[in-house]
Structures are given as C-alpha cells and as structure tokens.
Amino acid sequence: MPEIILRDETLRGTDYKLPFLQAIEEGSAGGTRYFRVPESFWSSGLCAKLSGAGIAMYLIAMSRGGWGNEPSFWISPSRFSEEYGLGDSTRKKGLKELVEHGVVTHELQSIDRSGHAGYRRFQRSVYTVVADYRVLGATEPPPPSMPEQPTFEELLAFFKASARKSEKG
C-alpha cells in the first residue's frame, strides 16, 4: 500500500513542520516571514470587504507592525516596489482601504534625517495597526495552538485503519 510522508518543502529531506515551529527550532523565530493572521481578519468579515490591494497591504502591515509591542510602521514609497514587488497604486489604494475600514490609523510625522533640530524636516506617513487586527503583547507570532488537530501519527494510524477496513469490506 502506498505511504504518504510529508516532507519539508525546501527539499532537505526532513519531515514537514509548521513554518513557525521550524523557525523556533532553528533559532530564527524573530526573523521568520511566517505569521498567523488574527481571527478578527476572518470573523469581522474584513477579508471579504477588502480588495486585493487592501489584503496585500494588510499582510504587509501585519508583517511590519501587527505583532503587538511595535504596532506602528512606515513604508518608504521609493523602496516599496523593490521590497514587495507591487506598484505604487496598490500601496496607496490598499492603505486607503485599511484606514477607511479602521484597520490602521494614519498620522503624519515631521522628521529630519539626523535626529537633531535645525535640519530640513520631512513628512512621513506612519501607520498603526489597530489592536483588534493584531496580536497584542507579542514580540513575535505565537506558535499555533493545535490541541484540536490530530498529530501526524494519529492521521497515519487513521488512514491505515481506513485502508484495512476497505480491504476487508
């Protein structure tokens, strides 16, 4: 009977692990690009209200400011396309939608390049992910809770038992 074994997608030949759990094991949890989208994204219906640009910018906002202790972020307009592979119109439209739906707040901050008074000042758009749409108090995404999900061994046992039943009957 064929056996299915889940393997890591990096072709290292190791067993599959949830990406965040793998990052914890490898000691890179703080630098992982994987994170969980809060339930409020789904339960509030936000996922259906946002356009593709809005969802893209929500995911970017979550990766930059959605994990609690540092909820504010800014995006360099001149580097946005290079960093994310999306156009300026996507950035503008998506951020506008997020502000309109109350997912992020927008504030203009006056800054200078040196941090000292007397230098030329610039306006920077700073966004803050609203508490309802981020995970509070976390410095990195929490590991997924999985007590209700079967383990790999439990799934394997289930499939083997199902195969035996179908062979007999």
Side-chain angles (χ1 to χ4, degrees), residues 6 8-10 15-115 117 121-152 154-155:
L6 295 176
D8 184 270
E9 66 270 15
T10 60
D15 288 341
Y16 176 81
K17 293 182 181 126
L18 290 170
F20 186 74
L21 296 177
Q22 182 175 338
I24 289 173
E25 281 183 12
E26 294 173 2
S28 61
T32 184
R33 292 180 163 229
Y34 294 97
F35 56 85
R36 295 184 98 188
V37 174
E39 288 180 27
S40 58
F41 177 75
W42 313 103
S43 62
S44 69
L46 183 64
C47 61
K49 295 174 190 172
L50 295 176
S51 69
I55 292 172
M57 290 311 301
Y58 177 70
L59 294 173
I60 290 169
M62 286 300 298
S63 72
R64 296 192 127 208
W67 291 104
N69 295 332
E70 294 295 329
S72 296
F73 65 95
W74 72 279
I75 297 172
S76 169
S78 62
R79 297 202 48 206
F80 178 76
S81 182
E82 179 184 320
E83 285 185 48
Y84 297 104
L86 299 171
D88 196 47
S89 61
T90 300
R91 176 183 62 85
K92 288 177 182 177
K93 180 181 178 184
L95 288 171
K96 181 181 178 197
E97 282 184 37
L98 295 179
V99 170
E100 287 173 353
H101 288 291
V103 177
V104 298
T105 60
H106 175 247
E107 172 187 1
L108 284 175
Q109 288 184 352
S110 180
I111 61 151
D112 64 45
R113 296 198 189 276
S114 69
R121 299 190 76 73
F122 300 89
Q123 293 288 338
R124 175 180 284 172
S125 284
V126 176
Y127 297 89
T128 303
V129 181
V130 174
D132 289 347
Y133 294 100
R134 62 184 160 96
V135 178
L136 296 174
T139 55
E140 60 192 32
S145 58
M146 297 179 36
E148 70 281 349
Q149 296 180 1
T151 65
F152 178 73
E154 291 170 333
L155 284 172

Show the nearest heavy-atom pair for residues Ser72 and Val126, with the distance to one decimal.
CB-CG1, 4.0 Å
Around atom CD of Glu39, are there more than 12 heavy atoms from other residues, nucleotides or ligands closer than 6.0 Å?
no
Under 4.0 Å between a Lys/Arg side-chain N and an Asp/Glu carboxylate O for Arg124 and Glu107?
no
Is there side-chain contact between Ser81 and Leu86, with at least one heavy-atom pair below 4.5 Å?
no
When rounded to the nearest 0.5 Å, the distance separating OG of Ser44 from CG of Asp132 is 8.5 Å
Reference residue Leu98; test side chain to side chain contact (heavy atoms under 4.5 Å, CB included); the match among Ile60, Thr105, Val104
Val104
Is it true that a side-chain atom of Glu97 and a backbone atom of Ser51 form a donor plus acceptor pair closer than 3.5 Å?
yes
Flag side-chain contact, heavy atom, 4.5 Å: Thr128 against Phe73:
no
Check: Ile75 and Met57 side chains under 4.5 Å, non-hydrogen atoms
yes
Derivation and outcome, side-chain contact (heavy atoms from CB on, under 4.5 Å), residues Phe41 and Leu50
CA-CA 10 Å; Phe41 177 75; Leu50 295 176; 4.1 Å; yes
Would you say Val103 and Tyr127 make side-chain contact, with heavy atoms under 4.5 Å?
no
Mind telling me whether Tyr58 and Tyr133 have parallel, tilted or perpendicular rings, with 30° and 60° as the class edges?
perpendicular
How long is the span from the OH atom in Tyr84 to the CZ atom in Arg91, to the nearest 0.5 Å?
11.5 Å
Over 12 non-hydrogen atoms of neighbours within 6.0 angstrom of CH2 in Trp42:
no
Do Leu95 and His106 have side chains that get closer than 4.5 Å, going by heavy atoms?
no
Note: Leu108 and Ser125 closest approach over all heavy atoms is CD2-OG, 3.5 Å
Given the rule in the salt bridge (charged side-chain N to carboxylate O under 4.0 Å, His left out) test, do Lys49 and Glu100 qualify, once you have shown the distances and angles that lead to the verdict?
CA-CA 11 Å; Lys49 295 174 190 172; Glu100 287 173 353; over 6 Å; no
Can you tell me if Lys92 has over 12 outside heavy atoms packed within less than 6.0 Å of its NZ?
no
Do Val37 and Met62 come within less than 4.5 Å of each other through their side chains, counting heavy atoms only?
no
